[in-house]
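Quick note on labels: first sequence line is chain A, next is B, and so on, each numbered from 1. Worth saying up front: this structure is predicted, and the values here are computed from it rather than measured. Computation of the quantities below employed the complete heavy-atom set of this structure, encompassing side-chain atoms and omitting hydrogens, waters and symmetry-equivalent molecules.
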Amino acid sequence: MPIIEANGLSKTYRVYQKQEGLFGALVGLFSREYKDVVAVDNVSFTIEPGEIVGFLGPNGAGKTTTLKMLAGLIYPTSGSATVLGHVPWEREDAFRRRFSLVMGQKNQLWWDLPAADSFQLHREIYSLPSDQFDATLSELTELFGVKDLTSQPVRELSLGERMKMELIAALLHQPQLLLLDEPTIGLDVIAQVTIQKCLRDYNAARGVTVLLTSHYMRDVEALCKRVLVITHGKLVYDGSLAGIVDRFGNEKLVKLQFDGDDSPADVATFGEVTSREGPIVELKVDRARVPEVLAAILQRYTVADISINEPPLDRMIAKVFEQGTV
Amino acid sequence: MLLRYVNLWFSLAKFSLLGELAFRGNFLIKIFVELLWLGILLLFNYTIFQQTTSIADWNAQQYFFFIGCYFAMGGLIEMLFLDNCNQFADLVRSGDLDFFLLRPIDEQFLVSCKHVDWSCAPNILLGAVIMSLALWQIGWTFDTIQVGIFLVLFASGAALAYGFLLILMSASVWLMRNQSLFEMWWLFTTLMRYPSEIFKGPWAQPTGWFFFFVIPIMLVTNVPARVMVRPLLEPWLACYAIAAAIVVVAASRYIFRAALQHYRSASS
């Protein structure tokens, strides 16, 4: 049975259209114009137990709105969903005990108190037995490497340490589903990698299902085999990450280092030059034409080094966002 | 179930105290300001009673009991609910309300009881001291039933005030910025500060009647204070105060839940 089952979920917001200037503001006191903004449009998908699924889309695409409907925070305009067998927006306690939502841009721990106090309060709210709570807390602080930091006031922790504490708080009641909204936003690369590793290990150990939104493709590449892509509120892709590469990777990046101090002037005739620095040139070439182009270059010039790579994933995803379809 | 909520409230109260003690200076200043406020209130009324023997049929001792009752009630409301209700609009506007809705616990309880403002706790004690002194001056003899009725009516008054606060707070979901409507609370506290009998005359009497029966905010302190120091309390008035508290609390819960259905959550 799927952990998440969304059928035709839609959310439309009625948004006040403020007119410009003082006159517009005065007019707005008496007569207001509203516009319907479709944040999520007929989105359907299922997620099976234990999956880690990336939820991708540009800003304002509808990712967070979908996540909030699945968490039961907002009501959909139409459509239906079941999460862990419950209708999320009915917000039954039995449902809320079984999942967690972490938002990278928001803090849910008590700011002026040590994280340990927030964890204790969490224990009370979720009615966790003391022995279970102690064991889970010990396991999580070990996993995230923050055992010595739990008695420090939250406001004195670094952003990365704070996010680890947020994740620990979210996992204390051993949820079956973890909804993560940009959990690594603003973190340095080391903190990002640590959190990715912790999430991967936790998923492997506990089989928790994860739905993750992130603008960092490194998170997605590190964690998700499957991705959902949403643009303008519509789900435009549901499949493997490799599938996007197959479909959008119709170009290759060919990096050449020519002999001498400079690259040939006519190198642009072989493909689109994406970078050029002294004798090193990177060309974007159609996948099918790569052998032909390389043969032509090697015939004409002496080349010291060659490498052929896929374009970066974020560039491919950006293409999906721009085109709105896969 | 009830025990779980009681335990949780004590935990919230404990962590609130820990949080406040982390900023000791602010905590002590707040207590000092509250003491100053009480001192001025007492001095002001003492000065008035130097010029007259009664205000709207309340003699000085009765009136000081009323002030003690008002002060204790205000302290209780401020300590338990006011700060939480004041912050609600910010929670809605910032989207931080999300985290309260995710917890497997009654949202109204968590939102309206999450923080206990311990710096207002001395107000309850001081109110009780003033009430005790006023009773001693009156020559009151201890009556268990009378005290029992007073405590029930005091609790009803607190519930009534909580209900009104919750209704004002819930409007934040629709209005987003809710300071203007929340100003109404300060009007309400002004009305709670005086005995209803002072509303006399062609304009004042209907106003007093309106805030006694239609929006019954004046019941909050008037009824419990009367039962202790005014000889004749009509039984229907006590029943009416309890019934009003039940109706307003039930209505406020209904409105709060309706408000949550319209919660849009802020964009992240």
Peer 1: List for me each residue that meets ring pair (Phe, Tyr, Trp, His ring centres under 6.0 Å) alongside B/F154, sequence neighbours excluded, and say none if there are none.
Peer 2: B/F150

Peer 1: Could you tell me which portion of B/L260 (side chain, backbone, both or neither) has an atom closer than 4.5 angstrom to a non-hydrogen atom of chain A?
Peer 2: both

Peer 1: Verify, without hydrogens or angle tests, whether A/R91 (side chain) and B/L102 (backbone) share a donor-acceptor contact under 3.5 angstrom.
Peer 2: no

Peer 1: With only heavy atoms counted, which part of A/F95 is less than 4.5 Å from chain B, the side chain, the backbone, both or neither?
Peer 2: neither

Peer 1: Keeping the roles fixed (side chain from A/K106, backbone from B/S94), state whether a donor-acceptor pair exists under 3.5 Å.
Peer 2: yes

Peer 1: Quick one: pull up CG in B/D98 and CG in A/L73 and give me the separation to the nearest 0.5 Å.
Peer 2: 4.5 Å

Peer 1: Below 4.5 Å from any heavy atom of chain A, which atoms of B/E107 appear? Answer side chain, backbone, both or neither.
Peer 2: side chain

Peer 1: Counting only heavy atoms closer than 4.5 Å, note whether A/H122 contacts chain B via side chain, backbone, both or neither.
Peer 2: side chain

Peer 1: With a 4.5 angstrom heavy-atom cut-off, which part of A/L121 approaches chain B: side chain, backbone, both or neither?
Peer 2: both

Peer 1: Work out which heavy atom in B/P104 is nearest to a heavy atom in A/D93; give both atom names and the distance.
Peer 2: C-OD1, 3.4 Å

Peer 1: Does anything in residues 208-218 of chain A get under 4.5 Å of chain B by heavy atoms, and if so which residues?
Peer 2: none

Peer 1: In terms of heavy-atom pairs under 4.5 Å, which option from A/T65, A/N59, A/D112, A/N107 contacts chain B the most?
Peer 2: A/D112

Peer 1: Using a 4.5 Å heavy-atom cutoff, which residues in residues 245-253 of chain B come close to chain A?
Peer 2: none

Peer 1: Quick check: under 4.5 Å, non-hydrogen atoms only, which of residues 9-17 of chain B neighbour chain A?
Peer 2: B/S11, B/L12, B/F15, B/S16

Peer 1: Got more than 12 heavy atoms from elsewhere within 6.0 Å of CZ, B/F213?
Peer 2: yes

Peer 1: Does NZ belonging to A/K234 count more than 12 external heavy atoms closer than 6.0 Å?
Peer 2: no

Peer 1: Which atoms form the tightest heavy-atom contact between A/W110 and B/K114, and what is the distance?
Peer 2: CH2-O, 4.0 Å

Peer 1: Using a strict 4.0 Å threshold on nitrogen-to-oxygen distance, state whether A/E124 and B/R4 make a salt bridge.
Peer 2: no

Peer 1: How long is the gap from NE2 on B/H262 to OH on A/Y75, to the nearest 0.5 Å?
Peer 2: 10.0 Å

Peer 1: Kindly give the heavy-atom pair with the smallest separation between B/R264 and A/V15, and that separation in Å.
Peer 2: NH2-CG2, 4.1 Å

Peer 1: So which residue, A/S127, A/G72, A/A71, ends up with the most heavy-atom pairs under 4.5 Å with chain B?
Peer 2: A/S127

Peer 1: Heavy atoms only, distances under 4.5 angstrom: which of A/E92, A/K11, A/Q108 has the most pairs with chain B? Name it, please.
Peer 2: A/Q108

